[in-house]
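FYI, the numbering just counts along the sequence from 1.
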Amino acid sequence: MKKIMIINGPNLNLLGTREPTIYGHQTMENYLVELRRAIPEVEIGYYQSNIEGQLIDELQRVGFSCDGIVINAGAYTHTSIALLDCIRSLKAPVVEVHISNVHQREEFRHRSMISAGCLGVICGFGMDSYRLAVEALLRREE
């Protein structure tokens, strides 16, 4: 069974209540139930932290043993060279996701520091961005 890890950064623990006009009303926990049901042939793990160093620790922990990583680094997307360096050092391919279309938002959100280390970027499809990323990782393996 393929193993894919979803890693979420700061403030994404508030999905469902945080700015619902941007991020929707669904919690990550509820979405994970749907996602795992939709793709039962994949073991989907999940981790979230508001702390940059803990995100790096988790990436390093899983990045040499899983088949792929889906990361929504939240605001660290736009600031973290440390996350970029970590992603570049991993064996597992990484797909960057964003729930909102960051290019329709504030200008500072238009630049990602981590994209250069990622296989691809998916943004603007709501929570479905995670499913699209998992599917992209699976198709890469075919």
Side-chain angles (χ1 to χ4, degrees), residues 1-106 109-142:
M1 178 178 278
K2 298 235 183 254
K3 294 180 182 180
I4 294 180
M5 188 68 171
I6 296 174
I7 298 179
N8 273 348
N11 300 308
L12 292 167
N13 55 309
L14 299 176
L15 288 173
T17 59
R18 174 189 178 203
E19 299 179 272
T21 57
I22 295 173
Y23 300 104
H25 295 278
Q26 191 170 35
T27 66
M28 191 67 189
E29 291 74 21
N30 287 340
Y31 181 72
L32 284 170
V33 170
E34 291 177 20
L35 184 62
R36 289 173 176 139
R37 191 175 303 139
I39 311 174
E41 69 276 12
V42 177
E43 181 182 324
I44 299 173
Y46 179 67
Y47 179 82
Q48 187 279 328
S49 178
N50 294 319
I51 301 169
E52 183 180 30
Q54 290 180 357
L55 294 170
I56 291 168
D57 288 345
E58 184 66 10
L59 284 163
Q60 290 177 359
R61 187 184 75 77
V62 301
F64 297 94
S65 59
C66 70
D67 298 297
I69 297 170
V70 175
I71 187 167
N72 183 341
Y76 290 135
T77 299
H78 318 291
T79 63
S80 183
I81 296 167
L83 280 173
L84 170 63
D85 289 347
C86 178
I87 290 167
R88 283 183 166 164
S89 71
L90 303 176
K91 178 183 161 215
V94 178
V95 175
E96 175 185 342
V97 302
H98 301 282
I99 296 166
S100 67
N101 182 346
V102 293
H103 302 288
Q104 291 178 339
R105 298 183 63 195
E106 304 93 339
R109 295 185 195 275
H110 297 182
R111 178 159 166 76
S112 168
M113 297 301 288
I114 67 171
S115 292
C118 294
L119 177 65
V121 179
I122 298 171
C123 72
F125 293 97
M127 297 294 269
D128 223 21
S129 295
Y130 293 97
R131 179 188 56 80
L132 294 169
V134 170
E135 289 176 354
L137 287 165
L138 293 175
R139 285 196 179 103
R140 183 178 182 275
E141 297 290 323
E142 290 178 353

Within a radius of less than 6.0 Å around OH of Tyr47, do more than 12 heavy atoms belonging to other residues, nucleotides or ligands occur? yes
For the pair Leu32 and Ile6, evaluate side-chain contact (heavy atoms from CB on, under 4.5 Å) and give the outcome as yes or no after the intermediate values. CA-CA 10 Å; Leu32 284 170; Ile6 296 174; 4.0 Å; yes
What's the shortest heavy-atom distance between [X] and [Y], and which atoms?
X: Ile69; Y: Gly63; value: CD1-CA, 3.9 Å
X: Glu52; Y: Tyr76; value: N-OH, 3.3 Å
X: Ala116; Y: Arg88; value: CB-NH2, 3.4 Å
X: Pro10; Y: Ala73; value: CD-O, 3.4 Å
X: Gly117; Y: Leu84; value: N-CD1, 3.4 Å

Distance, nearest 0.5 Å, that separates [atom1] of [X] from [atom2] of [Y]:
X: Glu41; Y: Arg36; atom1: CD; atom2: CZ; answer: 14.0 Å
X: Glu135; Y: Arg131; atom1: CD; atom2: CZ; answer: 4.5 Å
X: Leu35; Y: Ile44; atom1: CG; atom2: CD1; answer: 3.5 Å
X: Cys123; Y: Leu132; atom1: SG; atom2: CG; answer: 11.0 Å
X: Ile114; Y: Asn72; atom1: CD1; atom2: CG; answer: 8.0 Å
X: Asn8; Y: Asn50; atom1: CG; atom2: CG; answer: 10.0 Å

Determine whether Leu15 and Met127 satisfy the following criterion, side-chain contact (heavy atoms from CB on, under 4.5 Å), listing intermediate values before the conclusion. CA-CA 10 Å; Leu15 288 173; Met127 297 294 269; 4.1 Å; yes
Take the angle between the ring planes of Tyr130 and Tyr31 and call it parallel below 30°, perpendicular above 60°, tilted in between. tilted
Side chain to side chain, [X] and [Y], heavy atoms closer than 4.5 Å:
X: Glu34; Y: Gln26; answer: yes
X: Glu96; Y: Ile87; answer: no
X: Ile7; Y: Val94; answer: no
X: Leu83; Y: Met113; answer: no
X: Val134; Y: Leu137; answer: no
X: Ser129; Y: Ile99; answer: no

Do the side chain of [X] and the main chain of [Y] share a donor and acceptor less than 3.5 angstrom apart?
X: Asp67; Y: Ile4; result: no
X: Gln48; Y: Gly9; result: yes
X: Ser80; Y: Thr77; result: no
X: Ser49; Y: Leu55; result: no

Applying salt bridge (charged side-chain N to carboxylate O under 4.0 Å, His left out), can you list everything that pairs with Glu58, at least two apart in sequence or on another chain? Arg61
For Leu138 and Arg140: C-alpha separation, side-chain torsions, deciding distance, then whether side-chain contact (heavy atoms from CB on, under 4.5 Å) applies. CA-CA 5 Å; Leu138 293 175; Arg140 183 178 182 275; over 6 Å; no
